[in-house]
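Here is the structure we will look at.
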There are 2 protein chains.
Amino acid sequence: MQKKKTSTRTVTRARAAKVAPGTGSRSAATRERILDAAEKLFAERGYHGVSIRDVTGAADVDVALVSYHFGSKQGLLEAVFLRRAADLNDERLALLDAVLASGGRRAPRLEDLIDAFTRPLLDRSTRGSPGWKSYFALIAEINNSPEFGGVLMTRFFDPVVQRFIEAIRRALPQCDDRDLYWAYHFLSGALTLTFAETGRIDKLSGGVCRSSDLASVHERLVPYCAAGFRALCVSGQARARARAKRGRA
Amino acid sequence: MQKKKTSTRTVTRARAAKVAPGTGSRSAATRERILDAAEKLFAERGYHGVSIRDVTGAADVDVALVSYHFGSKQGLLEAVFLRRAADLNDERLALLDAVLASGGRRAPRLEDLIDAFTRPLLDRSTRGSPGWKSYFALIAEINNSPEFGGVLMTRFFDPVVQRFIEAIRRALPQCDDRDLYWAYHFLSGALTLTFAETGRIDKLSGGVCRSSDLASVHERLVPYCAAGFRALCVSGQARARARAKRGRA
DNA sequence: GTTGAAATTCAACGAACGTTCAACTAAATT
DNA sequence: AATTTAGTTGAACGTTCGTTGAATTTCAAC
């Protein structure tokens, strides 16, 4: 199964392609076209549900360019993921710093922290380029997928998440770490499903709720999760007291 | 694109296959084998990430049997979905009725309702056959997928969900319907991500939390979501008061 | 034991899959 | 103007895809 071709000159080019060929100016445009199309299609039908030809067809570009620019289909997925992650993480951290700075030495307000974590998604989905909606739908699928969930999400987002959890720990200093992490986990599930906009709640509610009305959802997501964090905090202390009592008995 | 074959005798058999061929006893066993393998693989790699040959290979069965028993690959997915849905829904409704009955005329406790909705998942994932874990992972992917999320979930689960929301409405009679539905939406996201067991929280928490320790998660999921429901309820009333005040002004 | 339907097997269909290669174009370097 | 290089193209590679038709086996009813 090893490559037998004693390839001659072309090897250097192929190797170079694997690294990252795009520095020229006219390549950047086609790279973006491919990323836009891939983002949309991956979000709609999932990674395996989309062929490279689907992507290049939608981008009106030759098939071979995916391998050339991104090395492989998997490389394309990671590039899609990476493209918007930096921007998203940057604003999240900026908002987090602003919340922490405005409070001075005082503990930050829990609602402000959750808002700083989630508002960048709201802003981009409602006012950003339409690609952001696809991006968030893709993240929702990835986040819930055993195949990619534990890998891609961790790599691209966990450093920022860690900083938020540290801040939340300051807001709820008496809270057990396990309760803190699980509370974040629930927030993560609610958040990704919300910004995936699958439309299921529209049918379920008979039109009372609209997935696309993200401002209304976000307005509710923050108090919902803040209350959840606090409840876990107190119920965790109750559990600890019960354990201590059992220990003494 | 229409079938030109003036097919003679075999048509009756083929038609019958589309409906549901399995009544014989030895067919039931192979059907189950196929469903088990499909459930596991769909959960691991998603619908499009699994080929029919992957499934029949794992089930040690001929390729053609999927078309014979389930009509098509999509038919197989729906059969996987349907197989455990009835059992799950039945116990959910039984627990719901028990909660409502035990309370008599009084409003049910919110925590009891959320527990009735979620505990059947906990029981089956921890004590049921291992196929249940795959099933819940598959549901998580479907729930967050634009392609299937709004269709399959609605068809198989929404009737039961509606009954729960009615019961929750009795527990929070002053709560606005929009707040109620959105609160359920957040619960749904947290629930599906939890039982998907993607393992992401294990890495994020550095081992403090374990996805596989579902009893600990469930113990926290209930108070988290109950507090969320109540918080939405009161913040919804605050919003209503604010709207009324603006109206008078 | 024969019959007949249900279940299974085998082989193959055309289409689509991800990837690669050599040839070609266009821009930058000398 | 000549040469190099990044970018693009079209074609093809071998493989796998979902599905199908016909032949074969299994098993219960007669």
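Naming: A, B, ... by sequence-line order, numbering from 1 per chain.
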Check your understanding: Can a donor-acceptor pair be found between the side chains of B/Q162 and B/E166 at a distance below 3.5 Å?
Key -> no

Check your understanding: Among side-chain atoms of A/N143 and A/S188, is any donor-acceptor pair under 3.5 angstrom?
Key -> yes

Study note, to complete from the structure: When rounded to whole Å, the CZ to P distance for the pair B/F70 and C/dA7 reads 12 Å

Review point. For C/dA16, does OP1 or OP2 lie under 4.0 Å from any side-chain N or O of A/S51?
Key: no

Exercise for review: Taking the six-membered ring of B/F136 (Phe, Tyr or Trp), confirm whether the NZ or CZ of B/R124 is under 6.0 Å from its centre and within 45° of its axis.
Suggested key: no

Revision key, fill the gap. Here the distance between atom C1' of C/dC17 and atom CG of A/L76, to the nearest Å, is 15 Å

Review point. Roughly how many Å is it from CZ in A/R33 to P in D/dG7, rounded to a whole number?
Key: 16 Å

Exercise for review: For A/K73 and for B/D60, find the nucleotide of DNA chain C with the closest heavy atom, then tell me which residue's nucleotide is more 5'.
Suggested key: B/D60

**Study point:** Separation of C/dA16 C1' from B/I52 CD1 (nearest whole Å)
**Key:** 15 Å

Review point. When the distance from NE2 of B/H69 to P of D/dT20 is rounded to whole Å, what number comes out?
Key: 15 Å

Practice item. Ignoring backbone atoms, establish whether B/S27 has a side-chain N or O less than 4.0 Å from OP1 or OP2 of C/dA7. Key: yes

**Study point:** Side-chain N,O (B/T30) to OP1/OP2 (C/dT8) below 4.0 Å
**Key:** yes

Practice item. Take atom CD1 of B/I34 and atom C1' of C/dT8, then tell me their distance rounded to the nearest Å. Key: 10 Å

Check your understanding: When the distance from CG of B/L41 to P of D/dC17 is rounded to whole Å, what number comes out?
Key -> 12 Å

Exercise for review: Could you please name the option among C/dT8, C/dG18, D/dT8 that lies closest to any side-chain atom of A/Y68?
Suggested key: D/dT8

Check your understanding: Is a side-chain donor or acceptor of B/K73 paired with a backbone partner of B/S67 at a separation under 3.5 angstrom?
Key -> no

Check your understanding: Going through the distances and angles, do B/Y184 and B/F117 end up as a ring-ring contact (aromatic ring centres under 6.0 Å, His included)?
Key -> CA-CA 11 Å; B/Y184 166 77; B/F117 189 71; 5.8 Å; yes

Review point. With sugar-phosphate meaning primed atoms plus P, OP1 and OP2, does B/V55 contact a base, only sugar-phosphate, or nothing at under 4.0 Å between heavy atoms?
Key: nothing

Check your understanding: Would one find a side-chain N or O of B/H48 under 4.0 angstrom from OP1 or OP2 of D/dC17?
Key -> no

Review point. When you measure from the centre of the six-membered ring of A/F186, is the NZ or CZ of B/R220 under 6.0 Å away and within 45° of the axis?
Key: no

Check your understanding: Does the side chain of A/S27 pick up a donor-acceptor pair with the side chain of A/H69 at under 3.5 Å?
Key -> no

Revision key, fill the gap. A/R45 CZ to C/dC17 C1', in whole Å, measures 14 Å

Any N/O pairs under 3.5 Å between the protein and nucleotides 10-15 of chain C? List them or say none.
unit_1: C/dA12; atom_1: N6; unit_2: B/R53; atom_2: NH2; d: 3.1

